[in-house]
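This one's a predicted model, so the numbers in the text were calculated from it and none came from an experiment. So you know, we letter chains A, B, ... as the sequences are listed, proteins then strands, and number each from 1.
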Amino acid sequence: MKHAERKPDDLDRLIQDAFERMTPSAEVEERLLASLLEAQEDRRRSPLSSETYEYAGLRRSFESKTKRRRPSDPQAKHLRITAISLAACLVIAIVGIAGMIGLAGGIGFQAKMSAGSSEDLQSALSAESHSEESGEMPGGDAPINATGPSNENEMASDPSEGAANQNETDVDGAEENAGDSGESSGNATPADEDVRYPHIVLDSGEKLEIVETGRTYAVATNQDIEEFIGTAIASNDLGETATCHVFTSKEGSPCPYVVSYIGSSTLYFALPV
Amino acid sequence: MASKRTPQKRDWDNIAEKYYYSDNPIAQIVFMAEREGADRYKAVNENLDITNVFRRHAKAVYRLAFSYLGSAADAEDATQNVFMKLINAPRAFENEEHEKAWLLACTSNLCKDVLKSAHRRHRGDMPLDVPDPKTYDPYEFDDVTRAVLNLPERYKDCVYLHYYEGYKTHEIAAMTGAPPSTVRNRLRDARAILEKSLRKQERRNDEAR
């Protein structure tokens, strides 16, 4: 024993003696050894301890490996939490997109409803344009100088071109409304809001621009119209032109002008450039 | 695949049949690797001579357990549990010192667990007139033994290994896993506590006389 080799002072010796008194008696040692040997023998004899007991731990680990149970190490747990969070974010994003689509559909439906109420106006406008070609003005008013003389002459001299323009928009409208069986092509659809000719020039030389609100255009209703100004030429950035009707808007409306394209029932707000 | 062996209707054989003869190559590899580990386990277990190991280290284990738990009955239980751990999970040691270090570390941990256990903590709740066979009588020990038993837990293994077993600071550090400076501090503090406690006891004895 190592303590015998040391040269202890008083306290050291006292501590050694104290531990020495804690030494088990021979009887206790023999009893402990006997119980240990018995336990070891029991373990060897028991049906579980012969071979299978030794493999008990193995079996558990083996089964856990082959069954591919959920890993419990912290890294796997962290990955699992991250994956769940990402999945939750994905679900929220999908729900958000679906909500936006639903909202856009609702706006389109609202526009369709408002367009339905403006059908009367549209029919009046078509009748008006017909009478305009014949030199009459609706309501017996004085002739409107909405279009310049050259345009007027052009339209008068070559009505087929104006008709072609009109037909062009009609064809677009017809294509867009192909799915609407039995409905008139004048009904508003979300595609109507795709303004192809946003630049308008009045007879007076004043230039108007269709008002954009984000990705769409500001849509007006019949209630926003106060007075019909006349027909004007609308153009786009490519130089293509079309005919449109321009109105003044009522007080309280967000913009001073309302524009209606021939062949489309949607009304748009326009601002002077 | 290896040739089929005769199935033995034992628990682990059922597992073996299920996976070893399955078409899953990964399951077969896992099973073979585990089987090799189990064979090694079996070999170590067969070579374990618990009688010799017990005779070599039982006293040290018992003394350390006693210094922690302060009772002969608890020390016996702890000693038995430590050697049962070795029987249940036999391992190959490099030498006798390695074996002793493992057993003493195991004893220390087991005693700390016992002291933390709910049973041990609630022992003081028992009525005074109910005898508890595992509660030791402090007056059955002399002053020094009482002072050693009353040392805080963290000093006990260092004190035993240094003052009784004669290990140096760095050897105790290697055995307990604590830094050598920590071991030195613990030994110094433990010595101061023991000196103070013994001086106090001497004064009390003088007054009693």
Would you check if [X] and [Y] make a side-chain contact, meaning some heavy-atom pair closer than 4.5 Å?
X      : Y      : result
B/V144 : A/D17  : no
A/R21  : B/D142 : yes
B/Y164 : A/E20  : yes
A/L11  : B/L198 : yes

query = Salt bridge check: are B/R55 and A/E30 linked by an N-O gap of less than 4.0 Å?
reply = yes

inquiry  = Quick check on the interface: out of B/M84, B/E195, B/R191, who has the most heavy-atom pairs with chain A under 4.5 Å?
reply    =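 Sorted descending by pairs with chain A, the first entry is B/R191.
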
request  = Look at B/T51, B/D143, B/L194, B/T79 and state which one has the largest set of heavy-atom pairs under 4.5 Å with chain A.
outcome  = B/T51

request  = Measure the spacing between CD1 of B/I87 and CG of A/L36 and express it to the nearest 0.5 Å.
outcome  = 5.0 Å

ask   = Quick one: CG on A/L32 to OH on B/Y62, what's the gap to the nearest 0.5 Å?
value = 7.5 Å

inquiry  = Counting neighbours of NZ on B/K100 that are heavy atoms of other residues, nucleotides or ligands and sit closer than 6.0 Å, is the number greater than 12?
reply    =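 Above 12, so yes.
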
inquiry  = Using the ring centroid of each side chain, check whether A/F19 and B/Y163 are separated by less than 6.0 Å.
reply    =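 No, ring centres 6.0 Å or more apart.
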
